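In what follows, a structure is listed as structure tokens, so that the remarks can point back to it.
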Amino acid sequence: MKKLLLLFLLIFIVGCGQAGPRQGEKLTGAPDGLNIEFLQLQPPAIIREGQDINVGLKVTNKGVCEISSQICVTDTLSSVWAGIDEQCQSLTLKGISLTGGRISRDSTELRFNFEPYRNLDRELSTTIVAKSRYNCDVLAGPQLCVKNLVGENEKQCSSFETVTGDNLKATIAPITLSKVDKQLIPEGGGVNLITDITLKKMAQGEIAGELDQSVVNERGETISLRYVPVRIEVDYGGYTMQCSNVEDGVFLWKKDNAEETINCELFLGSVSAFENNPLNVRIGYEYENFNSFNIKITDVNNQR
């Protein structure tokens, strides 16, 4: 009996000492994409006139979209002082993937070499800019329930629902879902599914492309608004939804906005007592990520 008790205690202690299964990472979450970093001292914050300019970058893809494009480096100083004329290198990075329950992110380092700044007559400042533009197409969206009797069986299927977090199934990309609001409205002998779909872009970078539209404000003044095109298609269980402000599959995103919301509807007619189907939101766009680094260029003649 003592031996059996001792064996039981050993098994219990070993079992408690082992960590439980680690919750794996997911390919869904907040918007993210290409990350551009300047390597340390490449370039340094202060450069002498006549000194070669070396720019080193570490680029990492933190989104699901594969990147096949170019990354270009330039500066904001006039070419009168020589220095950095735009240089580009090809960039190919795989999208993130799950390996052994952990996210694998593709990354590489790139180096650019430029001619020195010359003909300075005083200390000058400039900003070195690294940027890359690439296409991204993603599919995201939660499962939504519908039912034939609105207002009944609310615990099983709510007539009004807000979906966020893991249930949102927001694919990690520069633009992805941040919230879906669902309503079920009885209409014409059937059920109308209404969804407010909120999209959010990552903090760094911006949607590429630009459309200018002029509007007249309350004071009668004409102002220009900048929009960028984003391709949007939404279906529920394979049935295309009609979305406001989406024309020929294109939504015009106001360039200064971090979030946009589109309203999509689908009349389902007669449905079963309970159905649970995916809301498929297909999003396509061109995105530009960039980073900048400020440097000073010292005039050699003024140092003597």
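Nothing here was measured: the structure is a model prediction, and the numbers come from that model. Computation of the quantities below employed the complete heavy-atom set of this structure, encompassing side-chain atoms and omitting hydrogens, waters and symmetry-equivalent molecules.
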- Query: Which heavy atom of Pro43 sits nearest a heavy atom of Phe38, and at what distance?
  - Reply: CD-CD2, 4.1 Å
- Note on the structure: Output for pair (Asn277 CG, Cys145 SG), nearest 0.5 Å, gives 10.0 Å
- Message: Assigning hydrophobic clusters by single linkage (Ile, Leu, Val, Met, Phe, Trp, Tyr; side-chain heavy-atom cutoff under 4.5 Å), is Phe290 placed with Phe293?
- Response: no
- Per the side chain to side chain contact (heavy atoms under 4.5 Å, CB included) rule, which among Ile175, Val230, Thr176 passes with Lys201? Ile175
- Report the C-alpha distance between Leu39 and Glu109 in whole Å, list the side-chain angles of each, state the deciding distance to 0.1 Å, and finish with yes or no for side chain to side chain contact (heavy atoms under 4.5 Å, CB included). CA-CA 9 Å; Leu39 297 176; Glu109 292 186 0; 3.9 Å; yes
- Task: Answer yes or no: is there a donor N or O on one side and an acceptor on the other, between the side chain of Asn291 and the main chain of Ile36, under 3.5 Å?
- Result: yes
- Specify the closest pair of heavy atoms between Leu77 and Leu124, including all atoms of both residues, with the distance to one decimal. CD2-CD1, 4.3 Å
- Message: Within the structure provided, determine whether Lys62 and Ile103 are in side-chain contact (heavy-atom separation under 4.5 Å).
- Response: no
- Should Val234 and Arg282 count as side-chain neighbours, where that means a heavy-atom distance under 4.5 Å? no
- Is the shortest side-chain N to carboxylate O distance from Glu154 to Lys147 below 4.0 Å? yes
- Keeping the roles fixed (side chain from Ser107, backbone from Val59), state whether a donor-acceptor pair exists under 3.5 Å. yes
- Where is the tightest heavy-atom contact between Ala170 and Leu177, given as atom of each residue plus distance? CB-O, 3.3 Å
- Query: Would a distance-only check, ignoring hydrogens and angles, find a side-chain to backbone donor-acceptor pair under 3.5 Å from Glu49 to Leu120?
  - Reply: yes
- Are Val73 and Leu110 connected, step by step, through hydrophobic side chains (Ile, Leu, Val, Met, Phe, Trp, Tyr) whose heavy atoms are closer than 4.5 Å? yes
- Query: With a 4.5 Å heavy-atom cut-off, do Cys65 and Asp137 have their side chains touching?
  - Reply: no
- Passes side chain to side chain donor-acceptor pair (under 3.5 Å), Ser178 versus Thr198? Steps please. CA-CA 6 Å; Ser178 67; Thr198 302; 4.9 Å; no
- Item | Thr76 side chain to Thr127 backbone, donor-acceptor under 3.5 Å | yes
- Do the side chains of Ile96 and Arg105 get nearer than 4.5 Å, heavy atoms only? yes
- Task: May I have the step-by-step check of side chain to side chain contact (heavy atoms under 4.5 Å, CB included) for Asn263 and Ile194, ending in yes or no?
- Result: CA-CA 7 Å; Asn263 175 272; Ile194 299 176; 3.5 Å; yes
- Rounding to 0.5 Å, atoms CD (Glu86) and SG (Cys72) come to a distance of 4.5 Å
- Ion pair Lys182/Asp196, N-O distance below 4.0 Å: no
- Query: Any chance OH of Tyr239 has more than 12 other-residue heavy atoms, nucleotides or ligands included, within less than 6.0 Å?
  - Reply: no
- Message: With a 3.5 Å distance limit and no angle check, can you tell me whether Thr171 reaches the backbone of Leu139 through a side-chain donor-acceptor pair?
- Response: yes
- Message: Just checking Lys255: does its NZ atom have more than 12 heavy atoms from other residues, nucleotides or ligands closer to it than 6.0 angstrom?
- Response: yes
- Item | Expected output: side-chain Glu260 to main-chain Lys254 donor-acceptor under 3.5 Å | yes
- Item | Path from Leu279 to Val150 over hydrophobic side-chain contacts below 4.5 Å | yes
- Decide, yes or no, whether a salt bridge links Glu233 with Arg231 under the criterion of side-chain N to carboxylate O below 4.0 Å. no
- Return yes if some donor-acceptor pair links the side-chain N/O of Asp106 with the main-chain N/O of Lys94 below 3.5 Å, else return no. yes
- Check whether any side-chain N or O of Glu161 sits under 3.5 Å from a backbone N or O of Asp181 as a donor-acceptor pair, and report yes or no. no
- Query: Going only through I, L, V, M, F, W and Y residues with side-chain contacts under 4.5 Å, is there a path from Val163 to Phe160?
  - Reply: no
- Query: How long is the gap from OG on Ser132 to CG on Asn35, to the nearest 0.5 Å?
  - Reply: 12.0 Å
- Task: Would you please classify the geometry between the Phe251 ring and the Trp253 ring as parallel, tilted or perpendicular, with 30° and 60° separating the classes?
- Result: perpendicular
- Message: Please find the pair of heavy atoms, one from Gly33 and one from Pro174, that lie closest to each other, and give the distance.
- Response: CA-CG, 4.2 Å
- Residues Thr162, Lys179; criterion side chain to side chain contact (heavy atoms under 4.5 Å, CB included); working and verdict: CA-CA 7 Å; Thr162 297; Lys179 184 176 66 171; 3.8 Å; yes
- Message: Using side-chain heavy atoms (C-beta onward) and a distance below 4.5 Å, is Ser97 in contact with Ser104?
- Response: yes
- Arg111 backbone acceptor or donor facing Gln89 side chain under 3.5 Å: yes
- Message: Nearest 0.5 angstrom please: Asn192 CG to Ile185 CD1, how far?
- Response: 7.5 Å
- Task: Decide whether Asn289 and Tyr134 meet the rule of one side-chain donor and one side-chain acceptor closer than 3.5 Å.
- Result: yes
- Item | Linked, directly or transitively: Ile47 and Val129 (ILVMFWY side chains, under 4.5 Å) | no
- Item | Stepwise side chain to side chain contact (heavy atoms under 4.5 Å, CB included) test for Cys157 and Phe274 | CA-CA 8 Å; Cys157 178; Phe274 175 79; 3.4 Å; yes
- Message: For a quick test of reading the model, state the closest non-hydrogen atom pair linking Thr92 to Ser68 and the distance between them.
- Response: OG1-OG, 4.2 Å
- Query: With a cut-off of 6.0 Å (strictly less than), are more than 12 heavy atoms of other residues, nucleotides or ligands near CD of Glu115?
  - Reply: no
- Is Leu199 close to Ile283 at the side-chain level, that is, under 4.5 Å between some pair of heavy atoms? yes
- Heavy-atom side-chain contact between Val55 and Leu57 under 4.5 Å: yes
- Query: What distance do Thr195 atom OG1 and Tyr236 atom OH have between them, rounded to the nearest 0.5 Å?
  - Reply: 10.5 Å
- Do the non-hydrogen side-chain atoms of Ile46 and Ile295 ever get within less than 4.5 Å of each other? no
- Message: Please determine whether a side-chain nitrogen of the Lys or Arg among Asp256 and Arg226 lies less than 4.0 Å from a carboxylate oxygen of the Asp or Glu.
- Response: yes
- Nearest 0.5 Å please: distance from the CD atom of Glu247 over to the CD1 atom of Ile232. 14.5 Å
- Message: Could you tell me if Asp75 and Tyr117 have a donor-acceptor pair between their side chains, going purely by distance under 3.5 Å?
- Response: yes
- Search all heavy atoms of Pro229 against all heavy atoms of Leu252 and return the closest pair with its distance. CA-CD2, 4.3 Å
